[in-house]
Engineer: 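Mind looking over this structure? Questions follow.
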Amino acid sequence: MCGIVGYIGPKSVSSVLLVGLQKLEYRGYDSAGIAIMDKSELSIQKNKGKIAGLVDIVNKRPMPGNLGIGHTRWATHGEPSKVNSHPHTNSSGTIAVVQNGIVENYMELKNELMDDGFIFSSETDTEVIPHLFEKYLKENFRPEVAFLRVLKRIEGKFAIALVSEKVPEKIFFAKNGAPLILAIGKDEDNQQKENFLASDLPALVPLAKKAYYLKDKECGFISQGTVVLSDFEGNLKEPNFEKILMKSDDIEKGEFEHYMLKEIYEQPDMIERILSHRINENKHIIFNELKLERDYLARIGRIVIQASGTSLHAGYNGKNFFEQFVKVFADADYSSEFRYRNPVVAGDSMVIAISQSGETADTLASLHEAKSKFIKVLSFVNNMNSTMARESDAVIDLLAGPEIGVASTKAYTAELLNLFLFALYLSSIKWILPKEDRIQLLDEIYTLPEKMRKILRNHERLKEIGAFLNTVNDTIFLGRTYNFPTALEGALKLKEISYIHASGYAGGEFKHGPIALVSEKVPVIAIVPQSEIRTKMISNIQEVKARNGKIISIITEGDQEVKDLSDYYFEIPPVAEPLSPLLTILPLQLISYYTALYRGCDVDQPRNLAKSVTVE
Ligand code: AGP
């Protein structure tokens, strides 16, 4: 997935573009580039590697101009290299394009264009767009019409921006399946309007004042003080701009060294904020944004959760919450599996999609699969302007605030809390859980923020564990019931930012194969808070010790028995078992963070990853 920016206005175009790209770098950081129009002459600078390298180049060779586009890349077609980086141009360099997404029929178009004598220089799918645009200009179509003809030819999910010396005062844009925001700014006397394009809000803060979230198959152009929007047929539309509420400090690191660390430490405040939104003074759980009838919710007999990565790990506990508190059948599956297995979903089923970004391609595809079977889809997303939010039958806002670190942390605990509250909400509608039990669980939830703060205050112990894990190359995470998903999530955190191989297993599965991995060099992280199955986890720990394995345990305060069996341990405050995943994950998030630091890894932008996987 990539990041796109566009700007037209009186400010330094290269500065606006480069700062915007830096704020979108979490979307991909293989390479970056900008194209700037100076009067009617186009200049391009692009570079393999992070945006900082491009900034150095532009500082040495300034690029004056009045409009421009920029791109930061996560490679899909063609290795990360300067020649494959965006913007891509036609042979004469008079047309430049940046794209997020994939032109799925690019080979067909590339062959057609090469037969027409067009010469390609990159391996990318994107490069067909400037050549196709030039082809239609040569056939004497007006640029606006030529652009619409290009959009008719390219297939796939994309967001694109295009500039051309033929129309040096315009930036063309189009959106179909990948996010793109149109935004406007005004200076003090409300005269000099600036126009922006961006893949995501952070690139627009604080310059732009109002934003319009383009819908699929919308396109148009921006020029000085003008915005023209239409559908792909050229039928004009009026953009409905909304005030941008995001503030700079929402997306700056502040006193933290990394976004990931900031977002880990934000979790206690975030939980308090979510609770203040979700529970009213009468201790009723409220989902104001939920547009589903109570009698529909009361009839639900089966819930199928589909998500990817961290969001699926939260979904696994969503399954537990719905079965325990709503007494309905619940399942959870990878989006990338759900979409292809022709799932059996009956009339009383509801599909739940969980996605921090609201743009994950597989989760979106599974949403469409469910809707093709006439099943309602409820999405839990952290971006209410995302494609998933727009295309679901109903949506619940995670209320986590912007999450910039590629490794998801606060979105995970926000997903757990919202799923837990939604389960209690459904339980009350279906008269399952007695009111006093619900109130007791809600009282327990209110203790979470302080318990989280206590855990975070003890971070020094976690640095020691990070230093130890820095010496190994393989790890095993074990957990059971509510903390089996914690084992999966803890393993994902460690592997994706420290590049240490980490596998998460249900403790009961350990003897069915994974135990063969145990050795002095393969430590086992055992998540064993106070619970009904604690003794089973202790058996797992003893099996490891009997084979000279090392144990790192996450335990409830005062658990001397497990302390005595552990090489390293970390204590969490006591908490009701169903809520323990909101606490047990915190030490694992910090352990992964410190291990990655010891390894010198790029915590916020791990290799090969991007914040949202908008391609399949
Ligand atoms: C989590 O740390 C990863 N970055 C990744 O697994 C992520 O959770 C997954 O891609 C799903 O993203 P989404 O929640 O935006 O759909």
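Quantities reported herein were computed from a predicted structural model and do not represent experimental measurements. When a ligand or atom number is given, it counts from 1 through the structure's own listing order. Positions are given from 1 along the sequence.
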Engineer: State the atoms of ligand 1, each with its element, that fall below the 4.0 Å cut-off from a heavy-atom position in Ser408.
Structural biologist: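 Near Ser408, meaning under 4.0 Å from one of its heavy atoms, ligand 1 has 1 (C), 2 (O).
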
Engineer: Under a 4.0 Å heavy-atom limit, does Glu496 contact ligand 1 with its side chain, its backbone, both, or neither?
Structural biologist: side chain

Engineer: Under 4.0 Å from any heavy atom of Thr360, which atoms of ligand 1 are there?
Structural biologist: 12 (O), 13 (P), 15 (O), 16 (O)

Engineer: For Ala407, take its heavy atoms, then give the atoms of ligand 1 lying under 4.0 Å from any of them.
Structural biologist: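 Reading through ligand 1 atom by atom, the close ones are 2 (O).
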
Engineer: Mind jotting down which residue pairs meet the side-chain hydrogen bond (donor to acceptor under 3.5 Å, both in side chains) criterion with at least one end in residues 246-259? Sequence neighbours excluded, please.
Structural biologist: His258-Tyr593

Engineer: Should Val406 be counted as touching ligand 1, given the test is an N or O pair under 3.5 Å?
Structural biologist: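 N/O-N/O distance under 3.5 Å: yes.
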
Engineer: Between Asp474 and Lys495 (salt bridge meaning N to carboxylate O under 4.0 Å), is one present in this structure?
Structural biologist: no

Engineer: Donor-acceptor pairs are to be reported for all side-chain atoms of residues 463-472 against protein atoms at under 3.5 Å, with residues two or more places apart or in another chain.
Structural biologist:
from	atom 1	to	atom 2	distance (Å)
Lys463	NZ	Glu460	OE2	3.2
Asn470	OD1	Arg599	NE	3.2
Thr471	OG1	Phe468	O	2.5

Engineer: For atom 14 (O) of ligand 1, find the nearest protein heavy atom and state the residue, atom name and distance (0.1 Å precision).
Structural biologist: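 Ranked first by proximity to atom 14 (O) of ligand 1 is Ser311 OG, 2.6 Å.
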
Engineer: Tell me which one of Ser592, Ser357, Pro606 gets a heavy atom nearest to atom 15 (O) of ligand 1.
Structural biologist: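 It is Ser357 whose heavy atom sits nearest to atom 15 (O) of ligand 1.
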
Engineer: Using a strict 4.0 Å threshold on nitrogen-to-oxygen distance, state whether Glu266 and Lys410 make a salt bridge.
Structural biologist: yes

Engineer: So if I count the atoms of ligand 1 from 1 in the order they appear, which ones are less than 4.0 Å from some heavy atom of Thr310?
Structural biologist: 1 (C), 2 (O), 6 (O), 8 (O)

Engineer: Ring-plane angle category for Tyr316 and Tyr334, please: parallel below 30°, perpendicular beyond 60°, tilted otherwise.
Structural biologist: perpendicular

Engineer: Taking Arg341 first and then Asp333, would you say they form a salt bridge - that is, a charged N and a carboxylate O separated by under 4.0 Å?
Structural biologist: yes

Engineer: What residue and atom, counting heavy atoms only, is the protein's closest point to atom 10 (O) of ligand 1, and at what distance?
Structural biologist: Val613 CG2, 4.0 Å

Engineer: Should the pair Lys175-Asp216 be classified as a salt bridge under the 4.0 Å nitrogen-to-oxygen rule?
Structural biologist: yes

Engineer: Thinking salt bridges, do Asp362 and Arg339 make one under a 4.0 Å N-O criterion?
Structural biologist: yes

Engineer: Suppose we measure from atom 9 (C) of ligand 1 to each protein heavy atom; which comes out shortest, and what is that distance?
Structural biologist: Ser308 O, 3.8 Å

Engineer: Identify the closest protein heavy atom to atom 6 (O) of ligand 1: which residue and atom is it, and at what distance?
Structural biologist: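 Atom 6 (O) of ligand 1 sits closest to the protein heavy atom Gly309 CA, 3.3 Å.
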
Engineer: Salt-bridged, Lys611 to Glu496, with N to O below 4.0 Å?
Structural biologist: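 No, this pair does not count.
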
Engineer: Of the backbone atoms (N, CA, C, O) and the side-chain heavy atoms from C-beta on, which set of Lys493 has a member under 4.0 Å from an atom of ligand 1: side chain, backbone, both, or neither?
Structural biologist: side chain

Engineer: If I apply the N/O under 3.5 Å rule, does Ser355 come out as touching ligand 1?
Structural biologist: yes

